[in-house]
Amino acid sequence: MAPTAEEEEAAGIGGGHGAAAVEALLGLVADVSALPDNRGPFRRMCCDLARRVKLLAPLFDELGDDADSLGPAEIRGLETLCAALLEAKDVLRFVNEGSKLYQVLRPQKFEQVFRKVTESIEKALGEICLDKLNVSVEVKEQIELVHSQLCRAKESTDSLDLQLNRDLNWAISENHCDPTILKRILEKLQLKNKNDIMRESVALHEMVISGAEDPDVSVEEMSSLLKKLKDFVISENSTSASIEKKTSFAKHRSPVIPDDFRCPISLELMKDPVIVSTGQTYERSYIQKWLDSGHKTCPKTQQTLSHATLTPNFVLKSLIAQWCDANGIELPKKQGSCQESKPGNSSDCNRAGINVLLQRLANGNQEEQRAAAGELRLLAKRNADNRICIAEAGAIPILVQLLSSPDPRTQEHAVTALLNLSINEDNKGLIVKAKAIPKIVEVLESESMEARENAAAALFSLSVVDQNKVLIGEAGAIPALINLLCHGSPRGKKDAATAIFNLCIFKGNKVIAVKAGIVVYLIRMLVDPSGGMVDEALAILAILASSQEGKTAITHSNPIPLMVKLMKTGSARVRENAAALLFSLCGGDEQQLRAAVESGAEEALKDLMETGTERAKRKASSLLGLIRQTADSSNGGCAET
């Protein structure tokens, strides 16, 4: 989460001038203040971090009055603090936009992120000598208070919601979950409708695509749980909408529009709601006119806008659409998804500009094609609106053709652009319809390592749709992915492992992978951990072991002693996955269970019950239960004899 050089430059860091540093710090406080309140699992930690950043504002306000008198040491201290606050802003945005489900199932990772940024701010404040600054006593006392709070916060952790953890574990482990439990999970994670579920799915998906998480059986579990939650929400919303619609028609009267659905400027039902920097929502056309007239304040709160960016409020737009449908009201006319660029528009999407790029892409020389593909790649990476615009303009079939370009750089740009476009669910279908899968597999076998890495990531992205798993397997992707897994760059191996793991959720692909000899390579990765692929190898082996062919191939490699060793010596994730694989191998196989006991598994499992992750504890408990059942059965047989 450390800020990049570009971000630091944009924030004003490194200018070497006191006024610039103070101005940058005030801008960062304004940016943090403009962020929406977090309603996820880490809302308390987000609230505390944002509050402490805001409490620094009086210091910067007073320094701004006398910024030119700051000495070099003070300026360096402020620049260090500026970098720490930029990191804090990025963390808050990352958590706000991230998967809530992932956050609550992997709390240690996020606690570590908050602890790191808290330490950065605390250290930066500690290096600033307040006595040398020309600020009031009241401000000094406030900053000292913030500093002491940060010192304490470094050592504290957020208390977990035990009820939510129990509900999640139950929902993951049970095929038919109690609706009451699903409703409780949805309420606590603030997932209120189908649109929220889709945003959660995209957040989880983008996290994996960006390499923020290694493949794990828990990815499959999260996807399965999201499907249960989605089905429940659809069922509940359908019933609720049906009842409301009947009631509305029965009364034969026009319903009262909820205040939250009205634009504060026009007081009319919003068609295209957007959020400004203060967090207020307006109809796009009215707030844009307000901004175009030269206003720099929020019409409702009169606060100064820190920026003119308009962020689409997809959640509210979905709620308005549902309300209109339930009350028999004609839906507001759909706004064009591609809009001409305006000063306050958050999207880079400009249909005319994209059409020019497509002309070069289709008819230009090699250099023009390479440059146009590179620009589309960056545009598609930037935001969701761009992905829709580029696809609607007809770019996907042209990019698919360029996958066969003789120019390696153009080929790399094309496959990466398709990867970025595939984050949008509708675009996945368009990419498959354009017959891209066989060509992406060809790129997977090209000479460019970066192109191969992104081809693997693109196949993973497409494989999120179940029917695509079959098509990708039939296109011969798995042997090529195994080759990348064994001989690729470190990132290439990770991308290949992620794709193989997801593809092997489909049973037919497990068979293909086993026949391609993947088990031998995965066992080698476990024996030699220097390659840093132990987690990935265990995760893939665990999913292969759920098929008879995979289980047979794995047991032939005598893996039990190795699993027990990893449970004793590995990291928390390694121990968790080793226990999961051991459970798959020993379930229904007394010979493997005896081998586990002989290898000292009981001691390792008991230790895992006390110190392992929640998932590791579940697997360890199940394995110990199998061992006890086998022991009781053996003792009972002897007694009867």
Side-chain angles (χ1 to χ4, degrees), residues 1-36 46 48-97 113-114 116-136 139-140 142-147 149-150 276-279 291 296-298 303-309 311 343-344 346 382:
M1 294 304 300
T4 63
E6 291 83 357
E7 289 175 322
E8 290 185 342
E9 183 179 343
I13 300 173
H17 192 276
V22 172
E23 184 179 351
L25 287 163
L26 285 168
L28 286 169
V29 173
D31 289 345
V32 170
S33 301
L35 292 173
C46 285
D48 288 347
L49 179 58
R51 177 173 53 80
R52 287 164 185 148
V53 171
K54 294 174 192 176
L55 286 172
L56 299 176
L59 171 65
F60 308 143
D61 283 331
E62 291 198 4
L63 287 176
D65 298 333
D66 194 27
D68 292 334
S69 67
L70 292 171
E74 287 75 31
I75 292 175
R76 284 195 299 273
L78 292 176
E79 288 176 346
T80 302
L81 181 58
C82 199
L85 295 191
L86 179 57
E87 185 180 356
K89 184 185 80 169
D90 289 344
V91 166
L92 291 169
R93 183 178 293 156
F94 173 68
V95 175
N96 276 339
E97 297 173 355
V113 169
F114 278 102
K116 181 175 178 294
V117 73
T118 300
E119 288 175 350
S120 296
I121 300 174
E122 184 271 329
K123 183 179 178 182
L125 274 179
E127 292 176 356
I128 296 174
C129 182
L130 295 174
D131 292 333
K132 292 184 179 180
L133 301 178
N134 185 20
V135 294
S136 64
V139 167
K140 287 181 182 178
Q142 180 167 317
I143 301 306
E144 287 169 355
L145 176 62
V146 173
H147 187 248
Q149 289 177 350
L150 290 166
V276 298
S277 66
T278 59
L291 295 172
K296 299 184 183 298
T297 58
C298 172
Q303 290 178 272
T304 301
L305 297 172
S306 60
H307 55 76
T309 299
T311 305
S346 63
R382 211 160 282 166

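All of these numbers come straight from a predicted model, not from anything done at the bench. Hydrogens, waters and symmetry mates are skipped; everything else that's a heavy atom, side chains included, is used.
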- So, the side chain of Glu74 versus the backbone of Leu133: is there a donor-acceptor pair under 3.5 Å, distance only?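 Pair absent, no side-chain N/O of Glu74 close to backbone of Leu133.
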| query | Would you call Lys116 and Glu87 a salt bridge, taking side-chain N to carboxylate O under 4.0 Å as the test? | reply |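 Judged by the 4.0 Å cut-off on N to carboxylate O distance, Lys116 and Glu87 do form a salt bridge.
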What is the minimum heavy-atom distance between [X] and [Y], and which atoms define it?
| X | Y | answer |
| --- | --- | --- |
| Ser136 | Glu62 | N-OE1, 2.8 Å |
| Leu55 | Gln142 | O-NE2, 2.7 Å |
| Cys298 | Val276 | SG-CG2, 4.5 Å |
| Val139 | Pro58 | CG2-CB, 4.1 Å |
| Ala57 | Val29 | CB-CG1, 3.9 Å |
| Val32 | Leu92 | CG1-CD1, 3.8 Å |

* Asked: For Leu26, which residues count as a side chain to side chain contact (heavy atoms under 4.5 Å, CB included) partner, sequence neighbours excluded?
  ->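 With neighbours one apart ignored, the set is Val22, Phe60, Asp61.
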Taking the side chain as C-beta and beyond, is there a heavy-atom pair between [X] and [Y] under 4.5 Å?
| X | Y | value |
| --- | --- | --- |
| Leu28 | Val53 | no |
| Leu81 | Glu127 | no |
| Ile121 | Arg52 | no |

Point-to-point distance, once rounded to the nearest 0.5 Å, from [atom1] of [X] to [atom2] of [Y]:
| X | Y | atom1 | atom2 | answer |
| --- | --- | --- | --- | --- |
| Gln303 | Thr278 | CD | OG1 | 5.5 Å |
| Leu78 | Leu125 | CG | CG | 10.0 Å |
| Leu25 | Leu56 | CG | CG | 8.5 Å |
| Leu85 | Asp31 | CG | CG | 10.5 Å |
| His147 | Ile143 | NE2 | CD1 | 10.5 Å |
| Leu35 | Lys89 | CG | NZ | 8.0 Å |

Holding to salt bridge (Lys or Arg N to Asp or Glu O under 4.0 Å), I want the full list of residues that pass it with Arg51, two or more places apart in sequence or in another chain.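 Per chain and number, Arg51 pairs via salt bridge (Lys or Arg N to Asp or Glu O under 4.0 Å) with Asp48.
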* Asked: Is the NZ atom of Lys54 crowded by more than 12 outside heavy atoms at less than 6.0 Å?
  ->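 Yes, NZ of Lys54 has more than 12 neighbouring heavy atoms, counting only those of other groups under 6.0 Å.
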